[in-house]
S.K.: 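Take a look at this one; I'll ask things after.
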Amino acid sequence: MFLHFVGEEQSTLRVLTPFILYLIFSPLCLTGTVALSLSIAIDEPPRTPICAKEKMGTIEEDCMGESERREAFHENDRQLSVAQADSTPRLLLNRGHTSSAQIPRDGRVSPGSQGHDLRGARMLLVEQASLSQSRKTWRKKMDFLLSVIGYAVDLGNVWRFPYICYQNGGGAFLLPYLLMALFGGVPLFYMELALGQFHQSGCISIWKHICPIFKGIGFSICVIGLYIAFYYNTVMAWAMYYLLSSFQTTLPWATCFNTWNTANCTHLTPGNPNTSWTNGSTSPAEEFYIRHILQLHLSPGLHELGAVNWQLALCLLLIFTVVYFSIWKGVKTSGKVVWLTATLPYLVLLVLLIRGATLPGAWRGVVYYLKPDWWKLLSTTVWVDAAVQIFFSLGPGFGVLLALASYNPFHNNCYKDALLTSSINCLTSMLSGLVIFTVLGYMAEVRQQGVDAVARDIGPSLLFIICAEAIASMPAANFFAIIFFLMIITLGLDSTFAGLEGLITAMLDEYPQVLGRRREWVVLGLVCLCYLGALSTVCYGGAYIVKLLEEYATGPALIAVVFLEIAAVSWFYGTSRFCRDVQVMLGFLPGQFWRVCWRAICPCFLLFILGSFLASPLEIKLFGYLYPPWSAILGYIIGASPLICVPCYMVYYLLSTRGTFRQVSETPLKYTNPSLNGIHLFCEITLLSKFQL
């Protein structure tokens, strides 16, 4: 009876059901993410400034006003200039803005007074940094929120989440997805926003404030960001070609009478019994994408890419031109652009959802998407896919969240920002899945196949073949094609803005004397470098390069870098110290939930993902082409190249630091907490001297 109902003509219930299911699941997703986080995460007291009578030698902070803080700043600076005339090891604590009168003659500090001095030093250093450093900030709070949302909501929300969801139990997949978000993704997201906002630094220079020996993590993040820029923008170049082609009277992927079509091209239209779909059939959209856009038939494989496709090269140049003029002035310009690029996709998704719900067979796709299969939760693969999806969807570890948050006001509530933006990201994935599967249900109806046969493609093929074919068979096809591919471009542009901003901020903060006043030239040089690096992806065999970089450049390497990042922050810098930093900014301490996540759950979460990658060797295929064995070696070299930066910088740091390793690790011990040792000691000293003037 149910199957008979599905096969009937369109009815009112069939049209309304996608909206009913969306209204049911969306509040559950949002409420489950926000309410559970609020209930167990933190006991938030009333927000009060952290400036309560901390004595700092001759300086007493008592909720000072701006003028008093400036006077205290200049007085303390005068004391520092006097203290720096003394070359004894006491200078270590003098740099921490502890008065030399408080240090005994033997250079030792009593344990009771030391913690008091360190807390006060941290507080005053923050106040001094806010006075001495001039850094651009967001024009409005919404500029920052839209930039973060635009970065987190990218093409993966549209082409990856729907496929992963239906493949792993449909509606049942939401349970592991939300659990992985709450215990893994959101804590990492929150941590990076807090780090960037507190230290006001990019992904390289921030490590001199946290733990200098781990500074190689910042360089690793930059290398990964370059790899992503080399291939990610090519996908937008494909979408740009589709967008320009959509202005023709007849969509070029709607017919089989073009020069690139083959004898296997089969054009199906709803209600046409004269044509049938066979295993050897190819759609006009598939041949347009493979033989006209990519032109893969002109390349024998990865070993011979062929010439550059000049049409795609021009589309790629247009994309990078838009990117340059959107970010060349920093957050002042990009903050304005994201009002369009971050909001337009939601408007288009809503329009496509309404149109898709009225298509024949849309109900079949929605049921296939959301029908729960609870038994699949017993499979480890489902939990691995949930962890991988939420990790790459929220995007910690790319240096972007650090950069974007570094332009916030110091006391901005990044805690609420983290919960809000991560919840919107999850809801957008759900909404995208509904849109995609109404289209897949319609295509299954047209081809007289099961939804699983139509939904076998993942990645760009889902957008550029299946969705393009469905749009071509709709009334007003040109209009829907224009808004659909415009949505794809804007989704990609937001992520590109944020990704390149992460690289630019890292370079400008690390080399302020050389690059600080040359931002426009730095951006131009970086955009030119990314364009030249991306030219290999617009060759006839460029899609093979895109697939290779997608699989190896952002997989285990990125996860390993994020693991090192959270290990350095939680275990070396110290979770307690990091929580006190958050208290200085927000007026309250993070709760035990966040502390446990940062210390234990998040590292285990990352190791779980990393182990799943390493346990299952990759076998890459693209449109029937099986990558040769040597491509795996090339891929591992690409994946390992960012990680080399971490040990190389550690060796450089140890060799360039004055004195022997034993002297460096033991000498400051009598001026700091005796429980500290080794590399952790470097972090404590660096914290005290991080805002030297």
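Model, not experiment: these values are computed from the prediction.
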S.K.: Quiz question: by atom type and distance under 3.5 Å, do the side chains of T341 and D494 form a donor-acceptor pair?
M.R.: yes
S.K.: To check you understand the geometry: which heavy-atom pair defines the closest contact between N425 and A152, and what is its length?
M.R.: OD1-O, 3.1 Å
S.K.: Taking all non-hydrogen atoms of both residues, which atom of M236 and which atom of G492 are closest, and how far apart?
M.R.: SD-C, 3.2 Å
S.K.: Mind checking whether V153 and P345 have side chains closer than 4.5 Å, heavy atoms only?
M.R.: no
S.K.: If you measure from OH on Y190 to CH2 on W594, what distance do you get to the nearest 0.5 Å?
M.R.: 7.0 Å
S.K.: Are the aromatic ring centres of Y242 and F464 under 6.0 angstrom apart?
M.R.: yes
S.K.: Can you name the residues that form a side chain to side chain contact (heavy atoms under 4.5 Å, CB included) with A172, not counting sequence neighbours?
M.R.: P372, W374, L377
S.K.: If you take all heavy atoms of C597 and P603, which pair is closest and at what distance?
M.R.: O-CD, 3.8 Å
S.K.: Assess whether side chain to side chain donor-acceptor pair (under 3.5 Å) is satisfied between W383 and N168, documenting all intermediate values.
M.R.: CA-CA 9 Å; W383 296 85; N168 291 287; over 6 Å; no
S.K.: Of all residues at least two apart in sequence or in a different chain, which pass the salt bridge (charged side-chain N to carboxylate O under 4.0 Å, His left out) check with D417?
M.R.: K141
S.K.: Rounded to the nearest 0.5 Å, what's the gap from SG on C165 to CE on M430? Could you check?
M.R.: 6.5 Å
S.K.: Should D581 and Y573 be marked as a side chain to side chain donor-acceptor pair (under 3.5 Å) after you check the CA-CA gap, both sets of side-chain angles, and the distance that decides it?
M.R.: CA-CA 11 Å; D581 294 344; Y573 185 69; 2.4 Å; yes
S.K.: May I have the step-by-step check of side chain to side chain donor-acceptor pair (under 3.5 Å) for N233 and T496, ending in yes or no?
M.R.: CA-CA 7 Å; N233 296 281; T496 297; 2.9 Å; yes
S.K.: With a cut-off of 6.0 Å (strictly less than), are more than 12 heavy atoms of other residues, nucleotides or ligands near NZ of K332?
M.R.: yes
S.K.: Would you check, one step at a time, whether the test side-chain contact (heavy atoms from CB on, under 4.5 Å) holds for L524 with E520?
M.R.: CA-CA 6 Å; L524 180 61; E520 292 84 354; over 6 Å; no
S.K.: Drop me the distance from I483's CD1 to I471's CD1, to the nearest 0.5 angstrom.
M.R.: 7.5 Å
S.K.: Under a 4.5 Å cut-off applied to non-hydrogen side-chain atoms, are I206 and E565 in contact?
M.R.: no
S.K.: Which atoms form the tightest heavy-atom contact between I488 and A239, and what is the distance?
M.R.: CG2-CB, 3.8 Å
S.K.: Quick one: are Y511 and V522 in side-chain contact, heavy atoms under 4.5 Å?
M.R.: no
S.K.: Check side chain to side chain contact (heavy atoms under 4.5 Å, CB included) between T575 and all other residues, then give those that pass, not counting sequence neighbours.
M.R.: S570, C579, R595, W598, R599
S.K.: Mind checking what makes side chain to side chain contact (heavy atoms under 4.5 Å, CB included) contact with V546, not counting sequence neighbours?
M.R.: Y231, T234, W238, T537
S.K.: For the residue pair A194 and V582, what are the closest heavy atoms and their distance?
M.R.: CB-CG2, 4.1 Å
S.K.: Applying side chain to side chain contact (heavy atoms under 4.5 Å, CB included), can you list everything that pairs with K376, at least two apart in sequence or on another chain?
M.R.: D373, V382
S.K.: If you measure from CZ on F198 to CD1 on I210, what distance do you get to the nearest 0.5 Å?
M.R.: 9.5 Å
S.K.: How long is the straight-line distance from CD1 of I601 back to CD1 of I566, given to the nearest 0.5 Å?
M.R.: 10.0 Å
S.K.: Any chance you could lay out the side-chain contact (heavy atoms from CB on, under 4.5 Å) test for I424 and Y346, step after step, and finish with the verdict?
M.R.: CA-CA 11 Å; I424 291 175; Y346 289 95; 3.4 Å; yes
S.K.: For residues L493 and S326, determine if any side-chain heavy atom of one lies less than 4.5 Å from a side-chain heavy atom of the other.
M.R.: no
S.K.: Going by the angle between their ring planes, with limits at 30° and 60°, are F437 and Y369 parallel, tilted or perpendicular?
M.R.: parallel
S.K.: Give a yes or no on whether the backbone of I164 and the side-chain of Q389 come within a donor-acceptor separation of less than 3.5 Å.
M.R.: no
S.K.: Ignoring hydrogens and geometry, is there a side-chain-to-backbone donor-acceptor pair from W138 to L404 under 3.5 Å?
M.R.: yes
S.K.: For F392, check ring pair (Phe, Tyr, Trp, His ring centres under 6.0 Å) against everything at least two apart and list the hits.
M.R.: none
S.K.: Side chains of L463 and V235: closer than 4.5 Å at any heavy-atom pair?
M.R.: no
S.K.: Set out, in order, the CA-CA distance, both residues' side-chain angles and the distance that settles side-chain contact (heavy atoms from CB on, under 4.5 Å) for T428 and I149, then state yes or no.
M.R.: CA-CA 10 Å; T428 306; I149 292 170; 5.9 Å; no
S.K.: May I ask you to test the V148-F144 pair for a side-chain heavy-atom distance under 4.5 Å?
M.R.: yes
S.K.: Walk me through whether V569 and E192 qualify under side-chain contact (heavy atoms from CB on, under 4.5 Å).
M.R.: CA-CA 10 Å; V569 173; E192 288 212 346; over 6 Å; no
S.K.: Any donor and acceptor pair, going by atom type alone, linking the side chain of D509 with main-chain N or O of S205 inside 3.5 Å?
M.R.: no
S.K.: How are the rings of W328 and Y324 set relative to one another: parallel (under 30°), tilted (30 to 60°) or perpendicular (over 60°)?
M.R.: tilted
S.K.: Taking S393 for its side chain and I390 for its backbone only, find out whether a donor-acceptor pair lies under 3.5 Å.
M.R.: no
S.K.: Could you report the tightest heavy-atom contact between P396 and F391, atom names first, then the distance?
M.R.: CD-O, 3.3 Å
S.K.: How many angstroms lie between atom OG of S406 and atom CG of L193, to the nearest 0.5 angstrom?
M.R.: 11.0 Å
S.K.: Using modelled atom types and a 3.5 Å cut-off, is there a donor and acceptor pairing between side-chain atoms of E510 and backbone atoms of M507?
M.R.: no
S.K.: Can you confirm whether L352 sits close enough to T438 that some side-chain heavy atom of one is under 4.5 Å from a side-chain heavy atom of the other?
M.R.: no
S.K.: Is a salt bridge present between R519 and E501, judged by a nitrogen-to-oxygen distance below 4.0 Å?
M.R.: yes
S.K.: With the side chain counted from C-beta on, respond yes when I436 and W159 share a heavy-atom pair under 4.5 Å apart, and no when they do not.
M.R.: no
